[in-house]
Amino acid sequence: MIKPLNIINDYCLYLLVFSITFESWDPFQLVGTVSVTYITTILYLASWVPLIGSNFHFAPLKRFVTPLLLLILVGFFCSVINSEYVTEIKYSYNYRTLLLIVLMTFIAAHIYCKPKVLPLVLKSYVASMLLVYILVFLGNGVTVENGRLLLFGENPNVMGAKAALAFLITISWLTNKFSFIRFIVIGAICIPFIGLVATSGSRGAFVSMFLGLAVLLYFRKTSVLKKWALIILAALGSVMLITYLFETNPILAERMLETVETGDTGRNMLWEAAFNVIGDNIIIGAGFEGLIPRMYQYSGIHLAPHNIFLYLFITTGLPGLILFLIFLFRLSKLLLADIKYTGNAVYLVLFVIVIFNMSKQGGSIHKTLFFFFFGVLIGSTAQLISRNQQKKIAKLKY
């Protein structure tokens, strides 16, 4: 009986991954309350119910999950102190983020318990982004706003980030094992992702592709001669690609040129307002619901700061920011250690790109995409924790 339940659990995970690229799609027109991702999340968590006793191991994950749960607790106390902004009890502890932390934990536990699903999880994500491209090519789920593409109701910057992540996952399959045939096949797969990044007009997604590629090549284990050959080849390819994208996508070229010439990322005013809010009270945050009113005082618009670190500093104060940095430090430390053990840098690349995009997108604390990747990364590093624990036990025995 357990085996069929495990198979169902695995396929529910793949289905969840496949749906993440449609996170904002509301096919039933229920005013955004029931998206495709929402439905698959319920199915996935439900498939866990009969397996919690046998498959769920919290001990290897607690060093990552605990700081995030404490962050929610700190935010709750900040909300209590600034209770004038809280209209309902659920807003005092940011229930959306809490649910995503729970989902992240189950995904990490799933991969820790069954590491063989990890490659299929990444392939499911890539396949999902290919489906997005096909549907866009056929004209489905596409709306245009100010010359930029909105796909299935998704913010262009978020969709661009999704495409950039798919591009880097696919490229990693080539760098791990290079051959001419793989180069042709993987190159063909990458073309749709490059097209989606360009069409989104997202400067962050555009930079993400080349930043991730640089990290991937830097940490690749190979001879010095081969590494330099790959770097030169990648640099030439990048120049050609950048030239082509700027020539074929004037909106992206204009936005990048504006950033280079003026230093304006489109978020400067929000970041300046955020620093002013933080200056009012560094230790105690304004609480989750106090964010927008405080930002409005300095910016004049009802928007978050479009930076996860500034968001946490404003809402949870210095203690909350420190807890999030502890989470990131622990995860990055193990990802670097995992490269030494496996030689595979793709997970570190995903970590860098996820943090980079969370540092420039509004509402990133509420995005399933980022917590999904945190779950994947924690699950991959938890195996390293397990190996280290086994070594320590072996030393004690002998």
Side-chain angles (χ1 to χ4, degrees), residues 68 71 74-75 78-79 82 85 94 96-97 145-146 148 154-162 164-165 197 200-212 251-252 254-329 332 351-367 369-371 373-374:
L68 295 181
L71 185 154
V74 169
C78 291
S79 296
N82 298 274
Y85 299 119
N94 200 330
R96 166 74 177 179
T97 304
E145 190 173 287
N146 297 324
R148 300 179 66 190
E154 189 66 90
N155 179 289
N157 295 325
V158 178
M159 185 56 73
K162 291 178 179 180
L165 287 164
V197 168
S200 72
S202 172
R203 291 166 290 193
F206 178 78
V207 173
S208 292
M209 289 196 302
F210 300 103
L211 174 61
I251 293 176
L252 178 62
E254 182 182 346
R255 286 165 59 83
M256 289 297 297
L257 184 62
E258 180 185 356
T259 299
V260 172
E261 291 181 344
T262 66
D264 186 7
T265 63
R267 298 160 179 81
N268 293 25
M269 182 179 67
L270 292 174
W271 291 350
E272 183 179 347
F275 281 116
N276 288 328
V277 174
I278 291 168
D280 289 342
N281 199 332
I282 295 177
I283 304 300
I284 304 299
F288 297 114
E289 287 299 295
L291 172 73
I292 299 301
R294 294 284 180 89
M295 283 292 294
Y296 181 77
Q297 290 176 4
Y298 288 99
S299 67
I301 52 179
H302 294 86
L303 282 178
H306 284 61
N307 181 292
I308 184 63
F309 302 102
L310 295 177
Y311 169 89
L312 291 174
F313 211 152
I314 293 173
T315 57
T316 62
L318 185 59
L321 178 62
I322 291 173
L323 286 168
F324 187 66
L325 291 176
I326 289 172
F327 164 75
L328 295 182
F329 173 76
S332 60
F351 173 80
V352 170
I353 301 308
V354 164
I355 299 305
F356 174 72
N357 280 277
M358 292 185 82
S359 300
K360 55 173 284 299
Q361 290 183 11
S364 58
I365 194 72
H366 297 140
K367 288 292 180 182
L369 173 74
F370 299 126
F371 281 90
F373 275 108
F374 280 146

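Fair warning: this is a prediction, and the values are worked out from it, not measured in the lab. The first residue in the sequence is number 1, and the count goes up from there. Below, all heavy atoms of this structure are taken into account, side chains as well, without hydrogens, waters or symmetry copies.
- The distance from atom CD1 of I308 to atom CG of L321, rounded to the nearest 0.5 Å, is 9.5 Å.
- Atoms CZ and NZ, on R96 and K367 in that order, are 8.0 Å from each other to the nearest 0.5 Å.
- Remark: side-chain polar atoms of N82 are paired, donor with acceptor, to backbone N or O of G285 under 3.5 angstrom.
- Summarising the geometry, atom CE belonging to M159 is positioned 9.5 Å from atom CG belonging to L369; distances are rounded to the nearest 0.5 Å.
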Walk me through whether H366 and T97 qualify under side chain to side chain contact (heavy atoms under 4.5 Å, CB included). CA-CA 6 Å; H366 297 140; T97 304; 3.4 Å; yes

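- Classification of the Y296-H302 ring pair by plane angle, with boundaries at 30° and 60°, yields parallel.
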Evaluate side chain to side chain contact (heavy atoms under 4.5 Å, CB included) for I314 paired with I278, printing each intermediate quantity in order. CA-CA 6 Å; I314 293 173; I278 291 168; 3.8 Å; yes

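- The heavy-atom pair separating T316 from L71 by the smallest distance is CG2-O, 4.0 Å.
- Taking every heavy atom of both residues into account, M295 and A273 meet most closely at CE-CB, 4.1 Å.
- In this structure, the side chains of I355 and F309 come closer than 4.5 Å at one or more pairs of heavy atoms.
- The shortest heavy-atom contact between S208 and N357 is OG-ND2, 3.1 Å.
- From N276, atom CG reaches atom CD of Q297 across 10.5 Å, with rounding to the nearest 0.5 Å.
- Distance check: I322 CD1 to F329 CZ gives 14.0 Å after rounding to the nearest 0.5 Å.
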Passes side chain to side chain contact (heavy atoms under 4.5 Å, CB included), Y85 versus L291? Steps please. CA-CA 9 Å; Y85 299 119; L291 172 73; over 6 Å; no

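- Side-chain contact between F371 and I365 is present, with at least one heavy-atom pair separated by less than 4.5 Å.
- You'll find the side chain of I301 reaches within 4.5 Å of the side chain of L270, heavy atoms only.
- The closest side-chain heavy-atom distance from Y298 to D280 is below 4.5 Å.
- Smallest separation of non-hydrogen atoms from L318 and F313: N-CE2, 3.7 Å.
- Scanning both residues, S79 and F288, for their nearest heavy atoms gives OG-N, 3.4 Å.
- Between F373 atom CZ and M358 atom CE the span is 12.5 Å, to the nearest 0.5 Å.
- In this structure, P305 and A274 approach most closely via the heavy-atom pair CB-CB, 3.8 Å.
- A donor-acceptor pair under 3.5 Å is formed between the side chain of N307 and the backbone N or O of S359.
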